[in-house]
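These numbers come from a predicted model, not from an experiment. In what follows, chains are A, B, ... by sequence order, proteins preceding strands, each numbered from 1.
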2 protein chains.
Amino acid sequence: MAVTLKDVAELAGVSRSAVSRTFTVGASVSARTREKVEKAAKSLGYQPSLIARSLATSRTKLIGLVANNFQNPAFLDVFDLFTSELQKRELRPLLVNLSGETSPKKIVDLLRQYSVDGVIVATSTLPTSFATAFQAAGVPVIHTFGKFQANANVHVVGIDNIHCGAMAARTFAERSYQTVALLGGPESATSTQDRATGFLNLATELGLKVAKVCYADNYTYQSGREAMREVLDDARVEAVFCGDDLICMGAMDAARAAGKSIPEDIGFLGFNDIAMAGWDAYSLTTIRQPIRDIIMSSVELVVGMVENPGRSPEIRLFPCSVVDRGSLRPIAKS
Amino acid sequence: MAVTLKDVAELAGVSRSAVSRTFTVGASVSARTREKVEKAAKSLGYQPSLIARSLATSRTKLIGLVANNFQNPAFLDVFDLFTSELQKRELRPLLVNLSGETSPKKIVDLLRQYSVDGVIVATSTLPTSFATAFQAAGVPVIHTFGKFQANANVHVVGIDNIHCGAMAARTFAERSYQTVALLGGPESATSTQDRATGFLNLATELGLKVAKVCYADNYTYQSGREAMREVLDDARVEAVFCGDDLICMGAMDAARAAGKSIPEDIGFLGFNDIAMAGWDAYSLTTIRQPIRDIIMSSVELVVGMVENPGRSPEIRLFPCSVVDRGSLRPIAKS
DNA sequence: AATTTGTTTGCAACCGGTTGCAAAATTTTC
DNA sequence: GAAAATTTTGCAACCGGTTGCAAACAAATT
């Protein structure tokens, strides 16, 4: 069925090696041979088989992307950028949907079977051990959106969640909020923990009163909406820092349903800056993660690791910024 | 580095074939041999290489998913379901991001190089010829969300867009709207054309006046918002049928910004039923595509095609339904 | 023209599995 | 217990490429 090296070689009247070489960049072939081969290949519609090549070279040009948050619009950007960045480099993404599964064992085996050249673990909820499991299996791995820790033994690309938490506290202080609340993402997520830490620490330091601390069960609108009920119990809360835009939008709607207006009665600060944050109905002030930079850098790094596996673990942190829209009152003039 | 068949065979004291057979379901191995092999394999941490297996069997267990609409939240479901359905069957998704590229040539070559077992083209905007290009190259293909046409020569799984367009007209009529507008998705998309046809035909038949017909440039909130301006020019319009929820939400916000209230001054009917349609701020009445069924059926079908390539082209259409929320006035009692 | 140097080419082994076939081992039948 | 039937096993070829090596060729040097 498929046309192979051999067919092309016979038609062109050369050896199989010659054909292989014309399709390998930097190999030694004379102009005349190359021409003959290319002509033959074209006339037969020859396509080299990457599978066979992979077997011989032990490079598959496959990069695994493992994610566990397929329902969050923030991941639309991730998928989009990840696939197009890989495509530029003639690599292919192999998607793994974790959904639930949190033990790395099976996933590592699975990606090893496919002999992926590298893996990007794109999730902010899993512990570092998930990524190191790949490393232990000899698979180059990057933990994108992962928890950054000084003594890293794995590559991490992302943001400093502790710092971002603090940024939220500062944002509230600048706008003279005094009594605030934290409505985090799922409590088990490392990113939630770090943001909470950063937020609570700086809040106390700045003299803010954190009247409520609660967590949504999921990164969803519904969970945010429900979790907000608890915050609404305390009438003193002037502003809420949410662990995720989606959760935040749910929370905003819960507040509105309770008759509060935003930002007059209660302010909201989100996280991620998903597309919907800019919609009129929410006009959400939020902390933006530079997803584009993070993904581009991750892909670059994973490619670098494939070429040079000995590379020592690197942490790449990108700055976040507050995108000012309409869900908080303006900065106090002083 | 990696441990191979040979290593396991030597340790277990059997031939390579024996090892291969214990890892192939339905192959003939005695219990004693199997046991020895499994023990040896475990102790070495052996994982069969799918690449090598693919070369020998010419099955890669890779299914290509080609999409071009990575920014639409509707695709979150698609990615989620697609990956998890494949995973259940021990298959892997290979993602291709079309973004812009509309000529099938390159994409077909690319997926042929990876020898994917099958391809799902998941887009409602491309012509059937895109899918048939795969077919011509001998790759089992399904056009999911594709244009259905009676004399199909390619498998199609999706909805009847003409019928859905008509459903929109009927929905308006039932609620006694008289002057309506169509705000479609990109005009070049086959789905847009079909929905428009169905809508306009039944609208005239039912005596509805379609005062405006216009199209958004993209499946985005922004495009919807802009395109809505043209509709607003005509003050008689009582309700708008939008080609996509995202577009619709942009349009709703444009209407509100112009001081109209929904559904009192103007009604909206969306398409797709993305998660955000259920958010309080929009509470969008919309036509739901059963994405879950469509994807599950597509995966099933592509698997079937891999097993039986001779299968004749099939069209699988799923019914859509109106999800009644708050963006249209209630059905007139009669 | 002979020698040296540098390129191109084909051979053959290899990557890590699968599988048809025939021999060997086991089980069933009489 | 021998013959027949069945199951298990190893051999060796194959899947479609790559690549080290040495032979063949071409160009440069003396």
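If one axis is set at each end of the helix from C:dA1-D:dT30 to C:dC30-D:dG1 from five pairs, those axes are 30° apart, to 10°.
Side-chain atoms of A:Asp7 and A:Thr4, non-hydrogen and from C-beta on, do get closer than 4.5 Å to each other. Two residues are said to be in side-chain contact when any heavy atoms from C-beta on lie closer than 4.5 Å; B:Val37 and B:Phe23 meet this criterion. Residues B:Pro73 and A:Leu76 meet the side-chain proximity criterion, which asks for heavy atoms closer than 4.5 Å. At least one side-chain heavy atom of B:Leu95 sits less than 4.5 Å from a side-chain heavy atom of B:Phe70.
Note on B:Thr4: only backbone sugar-phosphate atoms sit closer than 4.0 angstrom, heavy atoms only; bases stay farther off.
Across residues 25-43 of chain A, not one residue has a non-hydrogen atom less than 4.0 Å from an atom of DNA chain D.
The side chain to side chain contact (heavy atoms under 4.5 Å, CB included) check on A:Pro290 picks up A:Ile159, A:Arg288, A:Asp293, A:Ile294, A:Phe318, A:Cys320, with sequence neighbours excluded.
Following rounding to the nearest Å, A:Arg59 (CZ) and D:dT18 (P) show an atom-to-atom distance of 14 Å. Atom CZ of B:Arg53 and atom P of C:dC15 are 19 Å apart (whole Å).
Evaluation of atom-type donor-acceptor distances gives a pair under 3.5 Å for the side chain of A:Arg16 against the base of D:dG17. You won't find any donor-acceptor pair under 3.5 Å spanning the side chain of B:Thr57 and the base of D:dC15, going by distance alone.
Each of C:dT18, C:dC15, D:dG17 was ranked by its minimum atom distance to the side chain of A:Tyr46; first place goes to D:dG17. Minimum atom distance to the side chain of A:Ala56 is reached by D:dG17, of the listed D:dG17, C:dG10, C:dG17. Listed nucleotides C:dT9, D:dG16, C:dT18 differ in distance to A:Arg21; the shortest reach to its side chain belongs to C:dT9. Of the candidates C:dC11, D:dG10, D:dC15, the closest approach to any side-chain atom of B:Ala18 belongs to D:dG10.
The side chain of B:Ser49 contributes no N or O atom lying less than 4.0 Å from OP1 or OP2 of C:dG16.
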From CA spacing to verdict: ring-ring contact (aromatic ring centres under 6.0 Å, His included), A:Phe79, B:Phe75: CA-CA 10 Å; A:Phe79 292 140; B:Phe75 267 75; over 10 Å; no

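Here the side chain of A:Thr24 pairs a donor or acceptor atom with the backbone of A:Ser20 at under 3.5 angstrom.
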